[in-house]
Asker: 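Sharing a structure below in structure tokens format, with a few things to ask.
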Amino acid sequence: MTAPHPELASLRLFLTGPHPCSYLPGRLARNLVADPEAVDDALYSALARQGFRRSGEHVYRPRCPACRACQSLRIPVARFAPDRAQRRTWARNADLTVSRLEPLLREDHFALFQRYLAARHLDGGMDDATPESYLGFIRSSWGRTFLAEFRLERRLVAVAVVDVLGDGLSAVYTYYEPGLEARGLGTHAILWQIEEARARGLAHVYLGYWIAEAAKMRYKTRFRPCEVFRDGEWREPPGNPYAG
């Protein structure tokens, strides 16, 4: 079982009101949110090991009535082995260059973010993003965040928002050019983060929440092996999540 951070015992947690679940229609969701005034880089890393996730300044974990579908998922870097499809995706994108940038507002980044939301997540809650809300979403005042920028020659094709934790990297969000689906840019960005974590000597890449019933999240368990946080410890997903 993961050893808790000493500050977690006294950390104040707030429970949000019920709201429609973003992933499972007809269900209500609630989140536990860590006290924003208490969170710092070290505490964030400890909370990530307990299944929490960051969105902007807020670190949260689902706490839904009568539902435990959302489970935090991570990849153990040392044991990860890409499958044939992932190796093809890596080779297909060998012509991309990657830069590590500070999480600042850049005109071409924000324009790509808007195109991605319009094509992939219309009416998803962020489609009316402004430059201010975009910055508020990708970064925090206390975290170690960088942007992995992927370019095809001079053309921006993808951006991955990445947090550096004490024991790994957290894949906060990735957005990419909607017209380049055949390249598998989302998969490529995760593969790149696994290699980046390995180069930094970090043990894990955290991929956020996985729901077995949600088809859109099925890709996460295709990075094998993977672990989910359940009942206070990290373990392999139940059943056969790799099917399909």
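Along the sequence shown, residues carry numbers from 1.
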Asker: Is it true that the side chains of Tyr176 and Arg115 contain a donor and an acceptor less than 3.5 Å apart?
Answerer: no
Asker: I'd like to know whether Tyr206 forms a ring-ring contact (aromatic ring centres under 6.0 Å, His included) with Trp234, so could you lay out the CA-CA distance, the side-chain angles of the two residues, the decisive distance to 0.1 Å, and finally the verdict.
Answerer: CA-CA 12 Å; Tyr206 291 82; Trp234 292 94; 5.8 Å; yes
Asker: Test your reading of the model: is there a side-chain donor-acceptor pair from Glu236 to the backbone of Val228, 3.5 Å cut-off?
Answerer: no
Asker: Hey, is OH on Tyr23 packed in by over 12 heavy atoms from elsewhere, all under 6.0 Å?
Answerer: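 Not more than 12 within 6.0 Å, no.
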Asker: Under the 3.5 angstrom rule, does the side chain of Asn93 hit a backbone N or O of Leu96 as a donor-acceptor pair?
Answerer: no
Asker: Does Leu104 belong to the same Ile/Leu/Val/Met/Phe/Trp/Tyr cluster as Leu147, with side-chain heavy atoms less than 4.5 Å apart forming each link?
Answerer: no
Asker: Hey, are the side chains of Tyr60 and Leu32 touching, using non-hydrogen atoms and a 4.5 Å cut-off?
Answerer: no
Asker: Do Glu149 and Leu156 have side chains that get closer than 4.5 Å, going by heavy atoms?
Answerer: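 Result yes, sub-4.5 Å side-chain heavy-atom pair found.
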Asker: Are the side chain of His19 and the backbone of Ala29 linked by a donor-acceptor contact shorter than 3.5 Å?
Answerer: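 Here the side-chain-to-backbone pair exists.
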Asker: Nearest 0.5 Å please: distance from the OG atom of Ser22 over to the CZ atom of Arg27.
Answerer: 13.5 Å
Asker: If we only count heavy atoms from C-beta on, is the Trp210 to Cys226 side-chain gap below 4.5 Å?
Answerer: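 Side-chain contact under 4.5 Å: no.
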Asker: Do Glu153 and Arg155 sit within salt-bridge range, that is, some charged N less than 4.0 Å from a carboxylate O?
Answerer: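 A salt bridge is absent here (no side-chain N lies under 4.0 Å from a carboxylate O).
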Asker: Could you walk me through whether Arg183 and Thr89 pass the side-chain hydrogen bond (donor to acceptor under 3.5 Å, both in side chains) test, one step at a time?
Answerer: CA-CA 7 Å; Arg183 277 185 170 265; Thr89 297; over 6 Å; no
Asker: Can you see which heavy atom on Val161 is nearest to which on Ile138, and at what distance?
Answerer: CG1-O, 3.5 Å
Asker: Please check if the side chain of Asp35 supplies one atom and the backbone of Glu37 the other of a donor-acceptor pair under 3.5 Å.
Answerer: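 Yes, Asp35 side chain to Glu37 backbone: donor-acceptor pair under 3.5 Å.
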Asker: Checking Arg87 side chain against Pro82 main chain: does a donor-acceptor pair fall under 3.5 Å?
Answerer: yes
Asker: Look at the side chain of Ser45 and the backbone N and O of Gly166, then say whether any donor-acceptor pair between them is shorter than 3.5 Å.
Answerer: yes
Asker: Please check this pair: side chain of Ser55 against backbone of His58, looking for a donor-acceptor N/O pair closer than 3.5 Å.
Answerer: no
Asker: More than 12 non-hydrogen atoms from neighbouring residues, nucleotides or ligands closer than 6.0 Å to CZ on Arg63, yes or no?
Answerer: no
Asker: Closest heavy-atom contact between Ile211 and Cys70?
Answerer: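 Taking Ile211 first and Cys70 second, the nearest heavy atoms are CD1-SG, 3.5 Å.
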Asker: Would you say the side chains of Ser72 and Arg230 form a donor-acceptor pair under 3.5 Å?
Answerer: no
Asker: In this structure, would Leu165 and Tyr209 fall into the same cluster of hydrophobic residues linked by side-chain contacts under 4.5 Å?
Answerer: no
Asker: Please find the pair of heavy atoms, one from Asp83 and one from Arg222, that lie closest to each other, and give the distance.
Answerer: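 For Asp83 versus Arg222, the nearest heavy atoms are OD2-O, 4.0 Å.
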Asker: Can you confirm whether Leu191 sits close enough to Gln86 that some side-chain heavy atom of one is under 4.5 Å from a side-chain heavy atom of the other?
Answerer: yes
Asker: Centroid-to-centroid, Tyr134 to Phe113, below 6.0 Å?
Answerer: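 They qualify: ring centres under 6.0 Å apart.
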Asker: Less than 6.0 angstrom separating the ring centers of Tyr173 and Phe137, yes or no?
Answerer: yes
Asker: Between Trp192 and Trp90, is any pair of side-chain heavy atoms under 4.5 Å apart?
Answerer: yes
Asker: Within the side chain of Arg198, is there an N or O that forms a donor-acceptor pair under 3.5 Å with the backbone of Val77?
Answerer: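 Confirmed, Arg198 side chain pairs with Val77 backbone.
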Asker: Can you tell me how far apart NZ (Lys220) and CG (Leu207) are? Round to the nearest 0.5 Å.
Answerer: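 The NZ atom of Lys220 sits 6.0 Å away from the CG atom of Leu207.
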Asker: Would you say the side chain of Val172 lies within less than 4.5 Å of the side chain of Arg54, judging by non-hydrogen atoms?
Answerer: yes
Asker: Between Gln193 and Thr174, is there a side-chain heavy-atom distance shorter than 4.5 Å?
Answerer: yes
Asker: Backbone N or O of Gln50 within a donor-acceptor pair of the Arg61 side chain at under 3.5 Å?
Answerer: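 Such a contact is found between Arg61 side chain and Gln50 backbone.
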Asker: Answer yes if Val162 and Tyr116 sit in the same cluster of Ile, Leu, Val, Met, Phe, Trp and Tyr residues linked by side chain heavy atoms under 4.5 Å apart, and no otherwise.
Answerer: yes
Asker: With a 3.5 Å cut-off and no angle check, do the side chains of Trp142 and Glu57 form a donor-acceptor pair?
Answerer: yes
Asker: Tell me the closest heavy-atom pair linking Ala34 and Val39, and the distance in Å.
Answerer: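 So the two residues come closest at CB-CG2, 3.9 Å.
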Asker: Out of curiosity, does Val159 fall in the hydrophobic cluster containing Leu180 (side-chain heavy atoms, cut-off under 4.5 Å, transitive links)?
Answerer: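 Yes, it is one cluster - the side chains of Leu180 and Val159 are joined through contacts under 4.5 Å.
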Asker: Short question: side chain of Arg30, backbone of Thr16 - any donor-acceptor pair under 3.5 Å?
Answerer: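 Such a contact is found between Arg30 side chain and Thr16 backbone.
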Asker: Do you know the tightest heavy-atom contact between Phe150 and His188?
Answerer: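 Taking Phe150 first and His188 second, the nearest heavy atoms are CE2-CD2, 3.8 Å.
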